[in-house]
Visitor: 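I have a structure I would like to understand better, so I am pasting it below and will then ask my questions one at a time.
For clarity, every value in this text was computed on a predicted model and none was experimentally measured. Below, chains carry the letters A, B, ... as their sequence lines are ordered, and counting in each starts from 1.
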Amino acid sequence: MKRYNPSEIEPKWQQTWEDQKVNEVVVDDTKEKVYVSGMFPYPSGAGMHTGHAFSYAIVDAIARFHRQHGRNVLNPMGWDTFGLPAENYAIKTGTAPAVVTAQNIANFKKQFKRMGVSIDWSREINTSDPEYYRWTQWIFTKLFERGLAYQKESLQWWCPVDKTVLANEQVEGGHCWRCGSIVEKKSMKQWFFRITNYAEQLLEEIPALDWPQKIKTAQTNWIGKSQGAEIEFALDTTTKSGAAPNYLLLHGFTGRADKNFIPWLKERLEAKGYTVQAPQLPNTDSPTEDDQVGYVIDSCTIDENTVIVGHSLGGSVAMKVLEKINRPIAGLVLVAPAVEPAFRTGEPRAFWDTFAFDYDYDKITKLAAYRIILSDTLEAEKRQPYLLYLAEKIDATFRESTANRVHFCADEEPFILANISPSITVFSTRPDTLFGATFIVLAPEHHLAKQLATDDMRDSVQSYIATAVKKSEIERMNDTKEKTGVFTGSYAINPASGEKVPIWIADYVLNGYGTGAIMAVPAHDERDYAFAAKYNLPITEVVSYFTLNEGINAPQEGKEIRERKVVDGIIMNQRGEYLLMSETGNTHFVGGGVEADEDEMTGLKREIAEEVGLTGILSMKPVGSAITAHAYRIPGDYNVIAKGHFYEVVVDADIQVPSEIEEGRHTVEWVKKEDVAGRLTWPGHQFAWQQYLDGTQLYSGEGVLVNSGAFDGMSTSDAREEIVEWLEQEGTGRSKTTYKMRDWLISRQRYWGAPIPIIHCPDHGAVAVPEEQLPVVLPEVADYAPKGDGKSALAGVAEWVNTTCPTCGGPALRETDTMDGYACSSWYLLRYADPRNNEKAWDPETANYWNPVDYYIGADHAVAHLLYVRFWTHVFNEMGLLNFKEPVKKMIYHGYINAEDGTKMSKSKGNVIDPLDIIDQGYGADAMRTYVLFMGPVELDAAWDSRGIAGVYRFLNRVWVLAQEYIESDKSVTKNDDAVRRVMHKTIRKVTEDFHRLSFNTAISALMEYTNELYKLKVDGFSKDVWHDALEVLAQLIAPFAPHLSEELNQELGGEQLIQNMLWPVWDDALIVDETMTIIVQVNGKLRAKLDVAKDTDEDAIKSQALAEENVQAFVGDKKPAKVIYVPGRLVNIVV
RNA sequence: GCGGAUGUGGUGGAAUUGGUAGACACGCUAGCCUUAGGAGCUAGUGCCUCCGGGCGUGAAGGUUCAAGUCCUUUCAUCCGUACCA
């Protein structure tokens, strides 16, 4: 008998597959396509590891399964080759990264082939190949055209060792994801992709994705949508001791409009009580910029409370005026021309930047506030980009509803003149607590932070800001959450209460989120509370959970609560959980685990609720060190009950609260419904109350408004709507949705990446490299190391950097940043569809045939990569390059394979399992692949077990031996044919169904059972045909896991074609059914007997047979069965 | 804190719709066959047991004729996230 020898048969079949090109596919509309891909690997010098083996065992099982169904299966492979390891190696050794990469690819490819993975190698791609990155660059230029790629100065994570900028997700706990060194912040001009424009649609699609929940939640959180409102707090100009506000009206257009407009506007403003200075037009026909600047300044008195109306001021003139007068400007009115709706919603557009890009951001921060006057009538060419730029820089928004509409000319549309008053805009998700906003907090980086400092506060403010900004965010994170801050000396006016509220600066407010400024509501926000407590700021409660009167008495000592003591009418268990609340004045509280939602009142809870006639419910939840409670509030003369989930307690109305609560039920006396008075009328609302252990009360969650003027008595959820509406009418707020997600920073100051295809021209700014000049090929360099000045090694290649402007032909410079590697991997799944196209990145028709990917397999990149791929696909869809929006139908996110000790494999620990070693040890690729899939469900982590693979190898060997025995036997015994056939069909069904739910471990175990069963059946000998089928089916079913063994057996059994060209076997349900069925007999749900009955036995016969069973009789005895339940074909349950 | 996931024999894990809990495999025990191989075969293997049976899916309650599966509460572990207003 031949022995099972993987090292012999595996290379043989790998060669055959390659020779016959069996895995190469073309578009074929007559066939159903299936696109399966693993995340393409970064070919490191270390070679393939178990993670790759696991991933591609899954990929290949799926690919082969579908191929065996006659489907057109695309299973491509490529290499994600840009990145730091190759570059760092190049820096160390001087070897070109491309050279090392080529070696690594060759090595990986060899290894993949030894795994027997059925890849279409004709589609192999490599992201660092100019033929590939040519199209990555092309995509960049398309995004640039659409305003989705832009450049911006910003503080960025900087790795001082790798000397490169890092994206947020490349910073792990304050360390560089590559080298582990501590990162810093550095201000640089960077390229971004405007993924934030797609936040909403990327979010919307998430629920429909057939992806693991884990990834879907991670992406949802990453996008971080929250609904709230922007609210404007006017600055209190009466108390600011710095420069008083100057109102400067600059308008940014020239021509006929000016002559009439300026006097007209002056008149209107004066009528409104403003002091207005409006310079006359200069006498010269074409004044220079300096002329204009001088003229404006000379002809206007710039002092307190003055509005200056200027005219004929271009962008640079406006800035120079600001510069020259060199003092804080409290107000600026901008006259801006027509704009698209995009502008009104604050969405920036790329072309707006181009003209005004060189203005210094710091100058702009001299503005204390701004407003915009818009006209819908001016022609497009008179747009003044600088104004829009300013608006974007300071995050302007326009509020048409409350602006003053003014008519300039009778035949033209109205101008819109907004109110002129300096203000701070905050973002809040709790506008209902507006009346409780007792101070304002700005992030240290907020554009008004420095300016708002009054003279006597200036030093402390500046030193605070300096420390806070310098402090790395890591320190901030580790700073034990102790709040720090500084008062600016300035005040703002709460638009709701009219109160003067101090403006503080603190680093617990992040500049990157919302508006970088918050209204602090210390009564209802933990963080604000902590801050207010530390700096003695006022706390105003505006939400109550008790509307009748004075509120409640708080327990005095938190410690006692924890020790399961009764404190001032509140009974707690040892964990500090609430049981009961009692008297305050006339008001009593009844506690118990009764939920507000009526549907949830079940069992005793419902009884209690009904008996008491509850009309209102207070539910209390723990927050931080607070206590847990559910409570009703029932005023009147009555007894009180509390019910916890662990015991029930009744307390007398006189509040003779026992010092220790006994478990068990006590006397219950309920207050009658008619005795319940008051306004407990918010069914469906949950009210929360937090009790801090230091004795301070803090309310949060849903409740009822108090101290809120006209809104008193309104529920918080209604108030959220109503207050925003009111603010909108007043013109001091608007509803607003914000996202945590930031734009995607793609600039890398590294050599080994796709060069950003941009040319900087002194006259035309940033210009995209035209399509016919692509690719911008990476030049050869002598030294790959970044210069450390924030530029890549490319900056040192003068003949490459110096080029000509595509627009004007004049001298210009190339962009020296390269793209983030994620850019390359954001479209490779499309390139696979059409990998050799020289004309386009892909042919839409071809891509629409193959894509989207049906199965995408990987174990990493839950957020970054998988979000970027989605982003680009949405854009391509919008551009008409694809007819779908979502790139991946089904995502399989598998676990990690750990070392035998259960810890992560790592070179330093020396516990790495090399898949090739396993193959070479004689187990072979088939055993390796089958084992990793047999270890458990794919999404779970598993620990490698060297005895486990031996077990799988034994299984494959048993399959082999069984086939050999059949081949060598005389095949004459047909005795077990029916049984063989039955188990065969059963197994086909089980394996097929398991495949559909991607449960490979159970599919393999079904094959083991099948094999074991056949071993038992063969004891009687083999029959020729049925056994041939049984073994052929075994070979077919095992093929997705152990393809080499499968082909070999199939050939030995006389099969003339390759397994993967044969159609997957089909089961026949009729052949699965046994002659007899086993009926479980239970008495009172406990198993007492099993019946073997013919499969057509009727119900009555089975029931009486069940009752007759000896063991059943023993339990039933003389008792008469109350009920006999029969589940057809399964069980009989006798209830006595 | 918050969000997500997972808790089943000595181990990895099965149980797909509420219907025989522990499939399959590892390990272990005994035996056989062999001269010794990291081999193969057979039987056994959740716990307790007075051998009738009882108990068992992290814990406690509940719904049901019947619960690993559904509901309520709770504990533990792992992963993600981090002052997001």
Visitor: Kindly point out which of A14(B), C24(B), G27(B) is positioned nearest to the side chain of Ser1005(A)?
Guide: C24(B)
Visitor: Does Gly951(A) or Ile1125(A) map to a spot on RNA chain B nearer the 5' end, using the closest nucleotide for each?
Guide: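 That would be Gly951(A).
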Visitor: Under 4.0 Å, heavy atoms only, any strand: does Glu939(A) hit a base, just the sugar-phosphate, or nothing?
Guide: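 No contact.
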Visitor: Show your working on side-chain contact (heavy atoms from CB on, under 4.5 Å) between Val952(A) and Ile1004(A) and close with a plain yes or no.
Guide: CA-CA 10 Å; Val952(A) 169; Ile1004(A) 293 167; 5.9 Å; no
Visitor: Please report the distance, rounded to the nearest Å, between CG in Leu962(A) and P in C41(B).
Guide: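 In whole Å, C41(B) P lies 12 Å from Leu962(A) CG.
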Visitor: Using the C1' atom as the point on both nucleotides, what is the distance between A39(B) and G7(B), in whole Å?
Guide: 38 Å
Visitor: Taking atom C1' of C28(B) as reference, at what distance in whole Å does atom CZ of Arg947(A) sit?
Guide: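 Checked: the CZ to C1' distance equals 10 Å.
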Visitor: Considering only heavy atoms and no angle criterion, is a donor-acceptor pair shorter than 3.5 Å present between the side chain of Lys214(A) and the base of C79(B)?
Guide: no
Visitor: Contact class for Asn898(A) vs. all strands (heavy atom < 4.0 Å): base, sugar-phosphate, or nothing?
Guide: nothing
Visitor: Give one of base, sugar-phosphate or nothing for Arg1130(A), where a contact means two heavy atoms less than 4.0 Å apart.
Guide: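 Sugar-phosphate, no base atom in range.
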Visitor: Going by the glycosidic torsion and a 90 degree boundary from 0, is the base of G37(B) oriented syn or anti?
Guide: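 You should classify G37(B) as syn.
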Visitor: What contact category does Lys1123(A) fall into here, base, sugar-phosphate, or nothing, at under 4.0 angstrom with non-hydrogen atoms?
Guide: sugar-phosphate
Visitor: Strictly by Watson-Crick or wobble contacts shorter than 3.5 Å, is anything paired with C83(B), and which nucleotide is it?
Guide: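 C83(B) is paired with nothing.
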Visitor: Between Trp211(A) and Gln219(A), does a side-chain contact (heavy atoms from CB on, under 4.5 Å) hold up when you go through it step by step?
Guide: CA-CA 11 Å; Trp211(A) 288 18; Gln219(A) 295 208 351; 3.8 Å; yes
Visitor: If I pick the C1' atom on G12(B) and the same atom on G52(B), what distance separates them, to the nearest angstrom?
Guide: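 These two C1' atoms come out 36 Å apart once rounded.
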Visitor: What's the gap between A67(B) and G19(B) when it is taken at their P atoms, as a whole Å value?
Guide: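 Result for the P pair: 11 Å, nearest Å.
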Visitor: Between C47(B) and A66(B), how far apart are the two C1' atoms, rounded to whole Å?
Guide: 23 Å
Visitor: In Å and rounded to the nearest 0.5 Å, what is the CD1 to CZ distance from Ile195(A) to Arg742(A)?
Guide: 12.5 Å
Visitor: Using a heavy-atom cut-off of 4.0 Å across all strands, would you classify Ile1134(A) as base, sugar-phosphate, or nothing?
Guide: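 Nothing: the residue Ile1134(A), judged by heavy atoms under 4.0 Å, touches no strand.
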Visitor: Could you check, using the six-membered ring where one of them is a Trp, whether Tyr953(A) and Trp960(A) have ring centers closer than 6.0 angstrom?
Guide: no
Visitor: Tell me which nucleotide, if any, is Watson-Crick or G-U wobble paired with U16(B) when both distances must be under 3.5 Å.
Guide: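 Matched U16(B) with nothing under the 3.5 Å cut-off.
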Visitor: Taking only the side-chain nitrogens and oxygens of Asn1001(A), find out if one of them lies under 4.0 Å from OP1 or OP2 of C24(B).
Guide: no
Visitor: Evaluate side-chain contact (heavy atoms from CB on, under 4.5 Å) for Tyr923(A) paired with Asp917(A), printing each intermediate quantity in order.
Guide: CA-CA 9 Å; Tyr923(A) 288 119; Asp917(A) 282 352; over 6 Å; no
Visitor: Give one of base, sugar-phosphate or nothing for Arg958(A), where a contact means two heavy atoms less than 4.0 Å apart.
Guide: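 The answer is sugar-phosphate, as Arg958(A) gets under 4.0 Å only of primed atoms, P, OP1 or OP2.
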Visitor: When you measure from the side-chain N and O atoms of Asn957(A) to the phosphate of G40(B), is any distance below 4.0 Å, counting only OP1 and OP2?
Guide: no
Visitor: Atom OG1 of Thr540(A) and atom CG of Asn494(A): how far apart are they, to the nearest 0.5 Å?
Guide: 9.5 Å
Visitor: Describe the nucleic acid contact of Ser226(A) in one word from base, sugar-phosphate, nothing, applying a heavy-atom distance below 4.0 Å.
Guide: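 The residue Ser226(A) makes sugar-phosphate contact but no base contact.
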Visitor: Which part of the nucleic acid, if any, lies within contact of Asp528(A), taking any heavy atom under 4.0 Å across all strands shown: a base, the sugar-phosphate backbone alone, or nothing?
Guide: nothing
Visitor: Taking a pair as Watson-Crick or G-U wobble with both distances under 3.5 Å, which nucleotide is matched to U35(B)?
Guide: none
Visitor: Answer with yes or no after comparing the ring centroid distance for Phe995(A) and Phe1041(A) against a 6.0 Å cut-off, counting only values under it.
Guide: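 Yes, the ring centres sit under 6.0 Å apart.
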Visitor: Starting the side chain at C-beta, find the nucleotide from G38(B), C24(B), A15(B) nearest to Met1008(A).
Guide: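 In terms of side-chain proximity for Met1008(A), the closest of G38(B), C24(B), A15(B) is C24(B).
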Visitor: P atom, G9(B) versus A14(B): distance in rounded Å?
Guide: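 Going atom to atom, P in each nucleotide, I get 14 Å.
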Visitor: Consider the side chain of Pro937(A), meaning its heavy atoms from C-beta on, and name the nucleotide among A23(B), G19(B), G13(B) that approaches it most closely.
Guide: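 The listed nucleotide nearest to Pro937(A)'s side chain is G13(B).
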Visitor: Would G12(B) be called syn or anti here, given the cut-off of 90° from 0?
Guide: anti
Visitor: Just call it for Arg989(A): base, sugar-phosphate, or nothing, with non-hydrogen atoms closer than 4.0 Å on any strand.
Guide: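 Arg989(A): no heavy atom of the nucleic acid under 4.0 Å.
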Visitor: Between C78(B) atom P and Tyr893(A) atom OH, what is the distance in whole Å?
Guide: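 It is 19 Å, rounded to the nearest whole Å.
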Visitor: Under 3.5 Å for both donor-acceptor distances, Watson-Crick or wobble: does G7(B) have a partner, and if so which one?
Guide: C75(B)
Visitor: Could you tell me the Watson-Crick or G-U partner of C55(B), where both distances fall under 3.5 Å? Say none if there is no partner.
Guide: G46(B)
Visitor: How far, in whole Å, is A23(B) from G31(B) if one measures between their C1' atoms?
Guide: 26 Å
Visitor: Out of A14(B), C83(B), C24(B), which has the shortest distance to the side chain of Asp507(A)?
Guide: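 Nearest nucleotide to the side chain: C83(B).
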Visitor: Does Phe531(A) have Lys483(A) sitting over its ring (NZ/CZ under 6.0 Å from centre, angle to axis within 45°)?
Guide: no
Visitor: side-chain contact (heavy atoms from CB on, under 4.5 Å) for Met905(A) and Ile913(A)? Distances and angles first, verdict last.
Guide: CA-CA 8 Å; Met905(A) 288 189 194; Ile913(A) 304 288; 3.5 Å; yes
Visitor: With P as the reference atom in both, quote the distance from G53(B) to U63(B) in angstrom, rounded to an integer.
Guide: 29 Å
Visitor: Tell me which nucleotide among C24(B), A5(B), C83(B) gets nearest to the side chain of Gln213(A).
Guide: A5(B)
Visitor: Round to the nearest Å and state the distance from Ile897(A) atom CD1 to G12(B) atom P.
Guide: 16 Å
Visitor: Identify, between Val1135(A) and Thr1078(A), the residue whose nearest nucleotide on RNA chain B lies closer to the 5' end.
Guide: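 Its nearest nucleotide being more 5', the pick is Thr1078(A).
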Visitor: Under 4.0 Å between a side-chain N/O of Arg954(A) and OP1 or OP2 of C26(B), yes or no?
Guide: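 The answer is yes; a side-chain N or O of Arg954(A) sits under 4.0 Å from OP1 or OP2.
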Visitor: Can you say whether a donor on the side chain of Tyr923(A) sits under 3.5 Å from an acceptor on the base of G38(B), or the other way round?
Guide: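 Answer yes: a donor N or O sits under 3.5 Å from an acceptor.
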Visitor: Which nucleotide sits closest to the side chain of Thr1002(A): A85(B), A14(B), G19(B)?
Guide: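 Output: A14(B).
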Visitor: Side chain of Phe934(A): nearest nucleotide among A85(B), C24(B), G54(B)?
Guide: C24(B)
Visitor: Heavy atoms under 4.0 Å, any strand shown: does Asn1133(A) hit a base, just sugar-phosphate, or nothing?
Guide: base
Visitor: Take atom P in U8(B) and the same atom in G3(B), then report the distance between them in whole Å.
Guide: 24 Å
Visitor: Scan every strand shown for a Watson-Crick or G-U wobble partner of G68(B), both distances under 3.5 Å, and answer none if you come up empty.
Guide: none
Visitor: Go through G40(B), G3(B), G13(B) for me and flag the one nearest to the Leu940(A) side chain.
Guide: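 For the Leu940(A) side chain, the nearest candidate turns out to be G13(B).
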Visitor: Using a 4.0 Å heavy-atom cut-off, does Lys1086(A) contact any base of the nucleic acid, only the sugar-phosphate backbone, or nothing at all?
Guide: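 Answer is sugar-phosphate: Lys1086(A) comes under 4.0 Å of backbone atoms only.
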Visitor: Quick one: does Lys990(A) reach the base of U16(B) with a side-chain donor-acceptor pair under 3.5 Å?
Guide: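 Indeed, a donor on one side and an acceptor on the other fall under 3.5 Å apart.
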Visitor: Supply the atom-to-atom distance Ile1125(A) CD1 to Lys1123(A) NZ, rounded to the nearest 0.5 angstrom.
Guide: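 Answer rounded to 0.5 Å: 5.0 Å.
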Visitor: Does G54(B) adopt a syn or an anti glycosidic conformation, taking syn as a chi angle within 90° of 0?
Guide: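 Anti for G54(B); the angle lies over 90° from 0.
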